[in-house]
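A short write-up of the structure that comes next.
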Number of protein chains: 2
Amino acid sequence: MLDERAARETVVAAADRLFYARGVQSVGMDAVRAEAGVSLKRIYSIFPSKEDLVVAVLALRTRQWTRGVERAAAGAATPRDRILAVFDFLDAWFREDGFRGCAFINSFGELGATSPRVADAVRAHKEAFGDHVLGLVRDAGLPDPVALQVVLLVEGAQTTAAITHDAAVAREARRAAAALLDTAEARNP
Amino acid sequence: MLDERAARETVVAAADRLFYARGVQSVGMDAVRAEAGVSLKRIYSIFPSKEDLVVAVLALRTRQWTRGVERAAAGAATPRDRILAVFDFLDAWFREDGFRGCAFINSFGELGATSPRVADAVRAHKEAFGDHVLGLVRDAGLPDPVALQVVLLVEGAQTTAAITHDAAVAREARRAAAALLDTAEARNP
DNA sequence: GATGGGGGAGAACGGTCGTTCTCTCCTTGT
DNA sequence: ACAAGGAGAGAACGACCGTTCTCCCCCATC
């Protein structure tokens, strides 16, 4: 049998697969049970409600996103390259089978209006990423507003890639980001 | 009593308000009936299923979006200004009460995986807008890829404004777009 | 070896949803 | 005046969903 920690991880991973592929409300708890191989009773002993499970799934996605961005940045020498590395990370992600856009944006559109906890989780995730980019922008000696410009390209790339299924979006977003960084640098001391 | 045309418009407008505010699956057909003041029997005589109603709502949103973009562009003298006018349109929209992001992105995240008709409607809308921007970019004598860069900023601005509730996003997106147009122009013959 | 508690399988429960049906009323045409 | 048909109100239906409960088995402890 699985201890609570392992059962929790199994259920969250299974729910993530299903929620991401089909949307949250289209997936019943019984489908989660079948995918995870963990009984409903056990699931409800770990997550008091479906909403708790959704929040846990988003927390998992935040950890994965943060790790991915950090790994992509690890191979970059300068702050500027660490910013652009985000788009390389996106490029690889967009090419994965079953890519269906940003889970946070999807969840926000579906549940943001009815579940404050989900809305808060999404906002916290996006704010943390924005802060991360802001740090990189400052490291590069560029003005703060450039960070928001980069974030807009990241968000736009995710939604556009999800809808068009065209991974080339990431390359164009990277080129645009590079141009924006160049412009900001030229206008700086 | 309302003739079919008027009843249809009333129902679509009511459904649009509810779907946009709460998400499609969170709104039952009975809530649409109450909001529209049109009986369920009548609604189902016009729209054979809820999915048909959703598609009709998206078609309404496409008309509104196209009209808004065209009106914003009408006051602009050059192709470049017509491109940037899109962001002024966004700015006004983001400030509206009840703004909750792009209905197409929201619907795609919620239903795209389970309803091919909804997914197609969203794709068609985004493709039409992309073509529109491409036309403006060509009018401005700029290379095609710039259009995708502008589109990414538009999409990113919508999702970011929805989540952060910060209308200043539109201004920064406009500045970024202007910088990208400048860069593209400088690199052109 | 008895016992008790945790876990699995799945039925059960209360609620909601999309869709259809019933019943009644009102209009319209002759 | 009367038949016919469309439309409204709302009940009804079948399906599903989130959540809980029942029943049974297994294993650890005395």
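Every chain is numbered from 1 and lettered A, B, ... according to where its sequence line falls, protein lines coming before strand lines.
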Check your understanding: Looking at C/dG8, C/dT19, D/dG8, which one has an atom nearest to any side-chain atom of A/S39?
Key ->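 Among C/dG8, C/dT19, D/dG8, the one nearest the side chain of A/S39 is C/dG8.
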Review point. C/dG7, D/dT20, D/dA9: which one has an atom nearest the side-chain heavy atoms of A/K41?
Key: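 Shortest atom-to-atom distance from the side chain points to C/dG7.
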Quickly work out the [X] [atom1] to [N] [atom2] distance and round it to whole Å.
X     : N      : atom1 : atom2 : answer
A/F47 : D/dT20 : CZ    : P     : 15 Å
B/I46 : D/dG8  : CD1   : P     : 9 Å
B/I43 : D/dA7  : CD1   : P     : 13 Å
B/Y44 : D/dA7  : OH    : P     : 17 Å
A/R33 : C/dG10 : CZ    : P     : 7 Å
B/Q25 : C/dG18 : CD    : P     : 9 Å
B/L40 : D/dC13 : CG    : P     : 17 Å
B/R42 : D/dA7  : CZ    : P     : 5 Å

Review point. Checking all strands, does A/V27 fall into the base, sugar-phosphate, or nothing category for heavy-atom contacts under 4.0 angstrom?
Key: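 If one applies the 4.0 Å heavy-atom cut-off, A/V27 turns out to touch the sugar-phosphate alone, with no base involved.
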Check your understanding: Which is true for A/S45 with a 4.0 Å heavy-atom rule: it touches a base, it touches only sugar-phosphate, or it touches nothing?
Key ->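 Since no nucleic acid heavy atom lies under 4.0 Å of A/S45, the category is nothing.
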Review point. So which one's nearest nucleotide on DNA chain D is more toward 5', A/M29 or B/V38?
Key: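 Its nucleotide being nearer the 5' end, the pick is B/V38.
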Point to revise | Ring center gap for B/F89 and B/W65 short of 6.0 angstrom | key: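 Ring centroids of B/F89 and B/W65 are less than 6.0 Å from each other.
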For [Y], is there an ion pair with [X] - N to carboxylate O distance below 4.0 angstrom?
X      : Y     : value
B/R117 : B/D52 : yes
A/D182 : A/R80 : yes
A/E4   : A/R42 : no

Exercise for review: Evaluate the side-chain proximity of A/F108 to A/K126: yes if any heavy-atom separation is below 4.5 Å, no if none is.
Suggested key: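 No. Closest side-chain heavy atoms not under 4.5 Å.
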Check your understanding: Are any of A/K50's side-chain N or O atoms less than 4.0 Å away from OP1 or OP2 of D/dG18?
Key ->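 Indeed, a polar side-chain atom of A/K50 lies that close.
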